[in-house]
Amino acid sequence: MKMKIQTQSYILLVFYSMLVLRSAVVLSENLLGVAPQDEEYYKGLSSSGTIICKDGSKTFTTTQLNDDFCDCSDGTDEPGTSACPSGKFYCRNAGHTPLSIFSSRVNDGICDCCDGSDEYNGKIKCKNTCWEAGKVARDRLTKKIATFKEGVIIRKHEVEQAKILAAKDEAELSRLKNEENILKGLVQQLKERKEQIEKAQEKERIQKEKEEKQKKEAEEATVKEQKGEEIVNVQEQEYKESKSDDDARIHNHPPSGQDPNKGAADPGVSLAHDDDDDDDDKDASVHNIEEHAEKNEESSKVAHEHDPSHGSGSKEEDASENAESSSREELGRAIGSRWTGKKAEQWQDEDAGTARNNDDNEYDETSDTAHEEEDSGYDTETEEDHQHHEEDDNEDQMDDVGGDEADDDSSEHKYESDDEMEDMEGTSPSWLEKIQQTVRDFLQAVNPFQTPVDTSESESVRKEYDDASGKLSKIQSRISSLTKKLGHDFGPEKEFYSLYGRCFEIKENKYVYKVCPFKEASQLEGHSTTHLGHWDKFEESYRIMLFSTGDKCWNGPYRSLTVRLRCGSKVEVSDIDEPSRCEYAALLTTPALCLEERLKELEDKLEAMNKEQPEEHDEL
Amino acid sequence: MKSVVFLHYFLGFILLVSHLNSVSSWKKEEFRNCNQTPFCKRARSRKPQHCKLIATDVIIGDGDLTAKLITPKEFQENPDEDSSGIASNPLILSLSVYENGILRMKIDEDASRNPPKKRFEVPDVILPEFESKKLWLQRYTKQVIDGDSADSFVVYLFDGYEAVLRSDPLEVFVREQSSGKRVLSFNSHGLFDFEQLRVKKEGDDWEERFRSHTDSRPYGPQSISFDMSFYGADFVYGIPEHATSLSLKPTKGPGIEESEPYRLFNLDVFEYLHESPFGLYGSIPFMLSHGRTRGTSGFFWLNAAEMQIDVLGSGWDAESSIMLPSDQNRIDTLWMSEAGIVDTFFFIGPKPKDVVKQYASVTGTSAMPQLFATGYHQCRWNYRDEEDVKNVDSKFDEYDIPYDVLWLDIEHTDGKRYFTWDKALFPNPEEMQKDLASRGRRMVTIVDPHIKRDENYHIHKEASKNGYYVKDASGKDYDGWCWPGSSSYIDMVNPDIRSWWADKFAYTQYVGSTPSLYIWNDMNEPSVFNGPEVTMPRDALHYGNIEHRELHNAYGYYFHMATSDGLLKREGGNDRPFVLSRAFFPGTQRYGTVWTGDNTATWEQLRVSVPMILTLGLTGITFSGADVGGFFGNPDSELLVRWYQVAAYMPFFRGHAHHDTKRREPWLFGEHNTKLMRDAIRVRYTLLPYFYTLFREANVSGVPVTRPMWMEFPDDEATFNNDEAFMVGNGLLVQGVYTEHAKDVTVYLPKDHTWYDLRSGTAYKGGKTQKIEAADAIPVFQRSGTIIPRKDRFRRSTVQMENDPYTLVIAVDSSGEAEGELYIDDGKSYEFNKGAYIHRRFVFSNGTLTSVNLAAGTQFLSDCTIERIILLGHLSKPKSARIEPSNHAAEVELGPLQIQSKIRSSVLTIRKPNVRVSDDWTIKLL
C-alpha cells in the first residue's frame, strides 16, 4: 500500500516535472520578439504559470504568451505577434544593431529586421542583410567618431578661447565705462567753458552793437542785416549740437541704421565724409533712375506683347461698364494669383519651368505693382552697392563680412572700432592722461573773463570740445556693442562665442543663403535680399538656432529659419530647405556640438557592434 | 424702439462680419445673381397660372403616353404680355413608366416642325440598361378631376400608385391609388414656361453682357421653367453642391428672408462661404422630400445647363390672389434652366432607401472602389520633390500611422503639362512609386483638362492637329487661361475624343507612370481664370454644334469619365480605377470619387462638410469627402484633430492643404495631438471591413455609405433636420464636435433602440438627447440589433491587413437578437463580377451566432479567421461557447471593447473562436 502511494507520488512527480519541462520548452520557443533585458520578466512564467501584464491590467498564462491573441492592452503577452496594437517586437539583428519595431510590422509581408525575424509565417522570405547593413553602419559610425574626436579637441580649444575672449571683452567694457565717466566730465567742463566763451563773445558783440547803435543811429538798415546774420549763426550752432546729440542717442539704442562713424569723426573729417556720402547718394540715385527707365521699358514691352495676341475686339469695348480695362490674359493671371499668391509677372517664370520657392512680395492685386517694384529695386540697388564696397575692403575676412544692410554697417563698424580701440587700449593711460592734461592746461590758460576774447583761444576750445565729445561717442558706441554682445547666451561653456559676428553661406540653386548667428539670416537672389529672420534664441538645449520674424510672406506667416546644429570640425551650413512655405530649415555643423559624452556613447556603440561582428561572421 | 435699435446693431454686426469675411475671400460680384441672369429673373417674376398650355391628342404609342401641348386659340389671340414664348408651335409631352415606381416625363419641341436646332439631350448619363426596365403602357383610363372641363388620363405606375396627365389646366402628377392623394406634381401652380427656339429677326438683340464678357447667344432665349410640388413633405433635400444645411431652407415666401435661388452651375469658387445657396463645383438636379406621414419621394431633371431652383415657403403664392387647395405638408419648388429639354423622373419612394435606389436605377450605383481607396490619403499642394515624398512616407511609419496613398499636386509636372514630370524635382518617378508600392502604398498625380498651348507639348500637338479642342464662338480653338497660362480644353463630350484621352494613360504614353499610380481630376468645371465667372464662355462650341451653355454642368463629368476609362484601359479592364474629381454630375458615381473642393480651415466649414457629404450621398455620389483640416488657412491643432475625428467616418478620407499653409501632417502638433489623430485614423482602419461591406451595398443598391439619420429612422421626426450626426451604414451613429474647447457634446439618439458608446461600451436608451463626454474622441454609437465586422490589428496600410483576423461586435436588441453582413473580395479587380467574393450574413439569436452564406456558389478564398467576438447588451454570463461543425469550445471572458483604449471597458468576449470567415458555422453560448 505504502509502496503504491510512493509509486503514485513518483508518477505524479514525473508528471509534474514533465509539465514544468514542457512549459519551459514552450516558454523558450515563445520568447520570440522579447528583448534580452525583458527575458527575466517572462521567465517568471515557468515557475508561477501566470504573469502580470506590465501595465498591471491583467494576468496571462503560459499558453497565452505569443498565442496570437491580445490579452494585455500594452502588448506584454504578445511580444512576437501582431495581435496587440501597442506591442513591440525585438529583433536581435546579429552583426548589426538590435531593433525594437512596432508589432504592426510582424508578418506584414515587409522585411523590417535585417535578420528577417519579423517575417516568420512563410508568406515571404527575408534575406539576412545584417552583415552588409552592419558594415555600412559601422563604417558610418567610425567616420562619425573620427569627426567627433577632431571636433572635441577644437571645441575644447574654443571653449578656452571663449573664456579668454569673453574676459577680455568684459575687461574692456569696464575700462571703457570708466573712461566714459572721465571723458564725460571733461566734455562737460569743455562745454561749459565753450559756452562761457561764447557768452562772453556774445556780450562783447552786443556791447559793440550798442555802442555802434548809439554811434550810427542813422544806419539802421545795416544793423538789421547784422542782426539777421546773428540769428543764422545761432541757429547753425543749435543745429550742430542737436545733431551730435542725436548721434549719441542712436548709438545708445542699437540696432540703428546710422553709421556711427559719422558722429565720431572730428568736424573736418566729418565734413569730408558727408561729402562722400552725398556723392554716393547721387551715384546711387543716378543708378536708380536708369534702373527705373529699364524697368518701365520692360513692363511696357510686356504689355505690348500681350495686347496684340488678344486684340481689343468688341468684347473689350463692353468692359466700360465694369471699368475693367485689363486684357484677357491679365484677368487670367489675376484670378489665378488668388490661389497661388503669385504676381502676374511671375507666371513667366513658371513658363520657363523654374519653380519659385518663395514669393516675397506683399502683393495686392489692386495696388500699383509697377510702383512697388520700382521701390524695391531702389532699395536693393543701394544695398548691393554697399556690399561691393565692403567686399572690396575686407576680402580676407570672408566669414566676417556681413553683406546685409543696416545692421551690417554696424558690424563692420565694430571691426574698425575694434582696431581703433585696441590702439587706444595700447596707449590708453597716456592717451587719457594726455587729454586730461591738455584740458587742464587749457582751462587754466584761458581766462574767460578776459576782454576782448582771444579768438584763437575760443577756436581751440571749440576744437578741443569737438575732439573730446567725438571720442566720447566713439567709446559709447563701443560700449553699447560690447554690452549687446555680452548680453547673448553663448551656451553653458560659451562654446558658441566664436560664432558671434560671423556669417555662413550656402548656395542652393539660384539662391545664396546667409546665416549669421546671433544676428540674422537672409536669402539672396541676385540683387534682392529676403530676410528669413532675426536671431531669436537657442532651442532644444543648444541643438537648434532659431531665427524668427523675417519678411512677411504673401498670405502667409513671417519667414523663419530653424538651424539644426550637428557636430563637425568646421563651421558650415550644409543643407537648407523650405519644408513648409516660408519656414526654412538648415543644418549647421560646428565643433560646439562635439560633446565628449556623446563621443563616448558612440565609441561604446561601435564597440558593441564590433562584439557582435565575429559571431555573425562565423554564421555567414 | 429698443428692439429696432438692437436690430440695427445686429445688422451692423452681421454686415461687419460678412465684410470681414469677404475681404480676401469670396468675390461675390464676379458671379451672376438671379437678377443678372435674364432667364432666372424672368422665371422668378412669373405669377401662378402663367401657363396657358393644354394637352391634346393624348395617345398611347410605343409603350408611352404622349400628348401635344398647345396654347388654346383665345390665348393665342391675346398673348400674355409676360410670355416670352412667341413661337406657338406645339410641344410634345411623353410619359413613360419604369420598374419599381419611376415615372419619366419628357417635353421637347416638335421635331416634325423643323425647329432651328435640335435641343440638347445629355448623353451617356442614363444607364443603358435602364431602357430595359420600361413597362410598356397598354391603356389609359379617363377621369374628370375637380370638375375640370377636360378629361384627365390615368395610367398605372406601381403597386398602389398612378400617374395622371391632367389636360386643362395642364398638370402631371403621381397619386396614391387608394386615397387619391397626390405625391408629386408638375405644374400644379401653372408656372411652366418653355422658350422655343426662333430664327433671329432683325432688331433682335440676344447678346448678354456680364462684366467684361459678352455672350453672343446666337440662338436667343431657350430657357425652361416649371413648378414642382412635393406632397406630405416636411423637408426637401438634395440638389448639390451648396455649402449649406442638409434640409433645404426656403429661398422665397412670407416670413422668409429672401435669398438667391439654389444655383446649379459648376464653378471654381475661390474661398467659398458656408451657409450659401451659391452653386459650387458640381451639380445634381435631384431633390428628395421626406415627411413622417407620406414618406419619401424624389424628382430628378436631367439637364446640364445652368439651373436655378427656388424652394418656396408656404404661402408664397398668396399674392397671386388665386386660391389653391392648401396642403400644409406640401413643399413647392420652382425649377429654372437656361437651355435643354424637360427630361424628368418622378420617384415614388415611399421609403428613403427606395428613392435612392430608384434614382440609382436611372443614373447608376457607385463604382466598387479598390480597398486602398477607402483608407487614409495624404495630400498637399505640393509634396515638393522625391525627397519630400520619401520623408513624409517614412514619418507615417515612424509614428506608426497607417495611410494608403500619397498625392502630388500640379507642381510635380513640367510647367503644368500633365502627363509629364518636373525633371529636377522628380527625376525618377517610377522608382519613387515602386518604393511606395513596396510598402503597399499608392500614389496619385493630378491631371487637369486645361492643356498648355505649347507646340512642343505632345498632348497639345495632337489635340490641336486633330481638332480635339472646344471651339470659341467664332470656330477657332478656344484659348483660355489657367495654371499653365494660355490653355485650350479637350472636348470631352465626343466619345472618340474621350477614347483618345483614355489612351494617354497607357504606361507607354504616360511616361513615369506605374500600376500603382492613380489620378486626380481638378479644375474640371472647367475653371478658366479669364472666363466669365471663372469658367468657359457659354457660347463656346462643342462637338456636334452643342453650345457650352447646354452642357456646362456635364463637362467635368465627361472628363472624369474619360480619365476613369483610361485607367481601366491601361490594365486591360481588370483594375478598378481610382479618379478623384472636383466637378460632378448625375452619373459621376460610376466613375469615381469627389471631394468638396477648396474649403477653409474654420469650424464652420468643418461643420458644413457633414451636410455637404450627406447630400452627395443622397444624390448618388457616396464616395465623397472634404479636405481634412480645410484647404485654405491654418487649422489650430484642436480643429485639425476634430476634423480627423469626423472625417475618419466619411467615405473619402484625405488630408490636403494649400501651399501657403503651414505643414500639417499628423505628427507636427505635439505628442498628444499626434496620438489623437493616429487614433482617429486607426479607428477608420479597424472599421474598413464594415466600410468595404457598405461600399459593396452602395455598389449593388445605391444606398449610400454615410446616411442622414432620417434615412435609417424615417419615422423619428427629431432626426429629419439633424445634420450634425450621421449614420455609417445602419449600425453606427457618429456625432462630430464642431466647437472649440468642447469637453462634451449633445447628441440625439433615435428612439426605439439602445445605443452603445463604442469607446466605453456604455448603453444609452434612444429617443432623447444625451450629453456625452467628448474630450479626446468624438462619440460613436453602435445601434442595438447590429453586428459590425472589424479588423483590430494595425498595419502600415490596407495591403498588409489582408490576412489579418476579424473581430465581430454584436450589439443585441431588446429581444436578444442582432445581425450584420461582411463582404470580402480581392480588393482591386473586377473578379467579383464573376462571383469571386465572400458575402456572409451573421445572425445572432437565442444565444447562437450563425454565419449564413449570401453568395452561394461563389469562389473566393480567404484564410482569414475570426479571432474575437464581442457581445454588447447580452444578459447572461456564459463561460464558454461551443463551435459547430468543428465541435470545439472557445472561452468566454471579459475583455476590452477597444484593445488600446485608455477607457477601461469590460465586455463579454469570445476568445479565439478562430472560425474561418468563408465557412458556415454556428457558435452557441453555453
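What you see is a predicted model, and the numbers here were worked out from it, not measured in a lab. We name chains A, B, ... by the order of the sequence lines, and we start the count at 1 in each one. Scope of the values below: all heavy atoms of this structure, side chains included, with no hydrogens, waters or symmetry mates.
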Would you name the heavy atoms of B:R439 and A:I110 that are closest together and state the gap between them? CA-CD1, 3.7 Å

Evaluate the criterion side chain to side chain contact (heavy atoms under 4.5 Å, CB included) for residue pair A:D112 and B:R796; output intermediate values, then yes/no. CA-CA 12 Å; A:D112 291 284; B:R796 273 178 254 239; 2.6 Å; yes

Gap between atom CZ of B:R911 and atom CG of A:D71 - 0.5 Å precision: 4.0 Å

A:N121, part contacting chain B, at a heavy-atom distance under 4.5 Å: neither

Would you mind reporting whether A:R338 and B:E271 have side-chain heavy atoms less than 4.5 Å apart? no

By a 4.5 Å heavy-atom criterion (distance strictly below it), what part of B:N634 contacts chain A: side chain, backbone, both, or neither? neither

Select one option (side chain, backbone, both, neither) describing which atoms of B:E802 are under 4.5 Å from chain A's heavy atoms. neither

Donor-acceptor contact present, side-chain B:K912 to main-chain A:D67, <3.5 Å: yes

First locate atom OG of A:S73, then atom CD of B:Q898, and finally report the distance between them rounded to the nearest 0.5 Å. 12.5 Å

B:Q800 CD to A:R105 CZ distance, which is reported to the nearest 0.5 Å: 8.5 Å

Would B:R793 and A:E78 pass as an ion pair if we require N to O under 4.0 Å? no

Could you walk me through whether B:H658 and A:R581 pass the side chain to side chain contact (heavy atoms under 4.5 Å, CB included) test, one step at a time? CA-CA 10 Å; B:H658 186 274; A:R581 203 168 128 80; over 6 Å; no

Mark yes when over 12 heavy atoms from residues, nucleotides or ligands other than A:I52 sit less than 6.0 Å from its CD1; otherwise mark no. no

Run the salt-bridge test on B:R453 and A:E329 with the 4.0 Å N-O cut-off and return the result as yes or no. no

Is there a side-chain contact between A:I335 and B:E30 (heavy atoms, below 4.5 Å)? yes

Atom pair OG (A:S86) and CD1 (B:I899), whose distance is rounded to the nearest 0.5 Å: 9.0 Å

A quick test of your reading: do over 12 heavy atoms of other residues, nucleotides or ligands sit less than 6.0 Å from NZ of A:K54? yes

A quick test of your reading: do over 12 heavy atoms of other residues, nucleotides or ligands sit less than 6.0 Å from CD of B:E387? no

Would you give the length of the straight line joining atom OG1 of A:T340 to atom CH2 of B:W381, rounded to the nearest 0.5 angstrom? 6.0 Å

Under 4.5 Å, counting heavy-atom pairs only, tell me which of A:C72, A:C70, A:A83 racks up the most with chain B. A:A83

For B:S216, which atoms come within 4.5 Å of any heavy atom of chain A: side chain, backbone, both, or neither? neither

Picking from B:D268, B:N391, B:N914, which has the most non-hydrogen pairs under 4.5 angstrom with chain A? B:D268

How are the rings of A:W339 and B:W483 set relative to one another: parallel (under 30°), tilted (30 to 60°) or perpendicular (over 60°)? perpendicular

Distance-minimising heavy-atom pair for A:K58 and B:L894: NZ-O, 4.4 Å

Top residue by heavy-atom pair count (under 4.5 Å) with chain A, among B:E29, B:K662, B:K423, B:R682? B:K662

Shortest non-hydrogen contact from A:S104 toward B:F794: CB-O, 2.7 Å

Is it the backbone or the side chain of B:D400 that comes under 4.5 Å from a heavy atom of chain A, or both, or neither? both

For B:N382, which atoms come within 4.5 Å of any heavy atom of chain A: side chain, backbone, both, or neither? neither

What's the shortest heavy-atom distance between A:N107 and B:R795, and which atoms? O-NH2, 3.8 Å

Is it the backbone or the side chain of B:E398 that comes under 4.5 Å from a heavy atom of chain A, or both, or neither? backbone

Which heavy-atom pair separates A:G332 from B:N530 by the least distance, and what is that distance? N-CB, 3.3 Å

For side chain to side chain contact (heavy atoms under 4.5 Å, CB included), just list the numbers for B:R868 and A:F69, CA-CA rounded to whole Å, side-chain angles, deciding distance to a tenth of an Å, and then say yes or no. CA-CA 9 Å; B:R868 182 187 292 108; A:F69 184 87; 3.7 Å; yes

Contact leader toward chain A among B:D397, B:T413, B:D388, where contacts are heavy-atom pairs under 4.5 Å: B:D397

